[in-house]
Amino acid sequence: MPVIRKVVRGFRDPSVTQIAKRSRSPFRVLVSTVISARTKDEVTGAASERLYALASTPEEMSRLRITSIEKAIYPAGFYKTKARTIKKLCRILVDEYGSMVPDEIDELVRLPGVGRKTANLVLTLGFRKPGICVDTHVHRVCNRLGAVKTKNPTETEFALREVLPKRNWIEINDLLVMYGQAVCNPVSPWCSRCGILRHCGCVGVTRSR
DNA sequence: AAAACGGGGGC
DNA sequence: GCCCCAGTTTT
């Protein structure tokens with residue numbers, strides 16, 4: 001992990017940390033993350049702020065009109081779907097969880113619009129609990145390295161759980177994704193800047209730069 | 001396993 | 001125009 005930290009240094013995008021810091025409460029992390037699916041961070045951040053300005057609690061948010069939510073989170077991708085999801089999500093939080101966000105992954109993934117990636121982000125960022133967030137970047141990087149051969153992000157999450165240090169969850173999640181975005185990116189991996197190239201199965205396959 | 005959801009931004 | 005994008009749900 002120190003190697004990855006070194007490799008990624010200089011590529012860290014402060015916007016991620018900013019959003020994380022602003023959105024510390026589990027509820028804010030949850031809503032921000034639902035908005036963030038297939039959407040750039042700057043857009044997610046702006047959309048989240050507009051929505052929180054309208055409603056800052058599950059009760060308030062569950063009472064917003066769908067169209068108000070849509071307007072607030074536009075131009076995030078899937079904004080119509082997400083608006084309905086968020087309203088439904090908040091209603092469930094109010095009705096079934098006493099307006100609190102559950103802090104167990106099995107409960108979180110039961111919520112609409114919440115998959116394992118989102119659930120783990122809520123656990124780590126919102127509750128400071130253990131969790132490994134596997135998005136498409138992390139899934140790709142792990143398999144490109146050849147260290148694991150997993151079919152889907154959930155399998156990758158379980159594989160990583162056996163390997164990663166069991167601490168510093170937030171930083172490790174951040175570094176893994178940063179690494180996948182900035183260095184070991186999909187199209188043109190920056191192999192000359194990669195500190196773990198000698199362990200990499202991508203040599204001769206996707207290697208470049 | 002693959003399609004659908006959906007629109008903005010880069011080129 | 002065409003392709004990409006910190007996913008989740010449905011078929």
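Just so it is clear: chains get the letters A, B, ... in the order the sequence lines come, proteins before strands, and each one is counted from 1. We use all heavy atoms of the structure for the numbers below, so side chains are in, but hydrogens, waters and symmetry mates are not.
- Under the 4.5 Å side-chain heavy-atom criterion for ILVMFWY residues, a single connected hydrophobic cluster contains both A:Y97 and A:I105.
- Here the P atom of nucleotide C:dT8 and the CG atom of A:L30 are 11 Å apart, to the nearest Å.
- With P as the reference atom, B:dA1 and C:dA6 are 23 Å apart, rounded to whole Å.
- The side chain of A:T136 contributes an N or O atom lying less than 4.0 Å from OP1 or OP2 of C:dG7.
- A residue-by-residue look at A:N152 and A:K80 shows that A:N152 has its nearest nucleotide of DNA chain B further toward the 5' end.
- Summary of the strand contacts: A:V114 and A:K40 both lie near DNA chain C, and taking for each the nucleotide with the nearest heavy atom, the more 5' one is attributed to A:K40.
- The separation between A:I73 atom CD1 and B:dC5 atom P is 17 Å, rounded to whole Å.
- A cation-pi arrangement is found for A:R28 relative to A:Y52, the charged atom lying closer than 6.0 Å to the ring centre and inside a 45° cone about the ring normal.
- Between B:dA3 and C:dC3, the two P atoms lie 15 Å apart (nearest whole Å).
- Taking only side-chain nitrogens and oxygens, A:T118 comes nearer than 4.0 Å to OP1 or OP2 of C:dT8.
- As judged by a 4.0 angstrom heavy-atom cut-off over every strand, A:G77 is placed among the base-contacting residues.
- Between A:Y79 atom OH and C:dG7 atom P the separation is 20 Å, expressed in whole Å.
- If you take CD of A:E42 and C1' of B:dG10, they are 13 Å apart, rounded to a whole angstrom.
- Whole-Å rounding puts the A:N185 CG to B:dG10 C1' distance at 15 Å.
- The residue A:P153 sits apart from the nucleic acid: no heavy atom pair falls under 4.0 Å.
- A chain of hydrophobic side-chain contacts below 4.5 Å, direct or via other Ile, Leu, Val, Met, Phe, Trp or Tyr residues, connects A:V34 to A:L93.
- Place A:L121 and A:L111 on DNA chain C by their nearest nucleotides, and A:L121 ends up nearer the 5' end.
- Atom P of nucleotide C:dA6 and atom NE2 of A:H137 are separated by 4 Å, given to the nearest angstrom.
- A:K151 places its NZ atom 16 Å from the C1' atom of B:dA2, with the value rounded to the nearest Å.
- Residues A:I170 and A:R128 meet the side-chain proximity criterion, which asks for heavy atoms closer than 4.5 Å.
- Of the charged side-chain nitrogens involved, none lies within less than 4.0 Å of a carboxylate oxygen, so that A:E70 and A:K87 do not count as a salt-bridged pair.
- Counting to the nearest Å, the C1' atom of C:dC5 and the NZ atom of A:K117 are 12 Å from each other.
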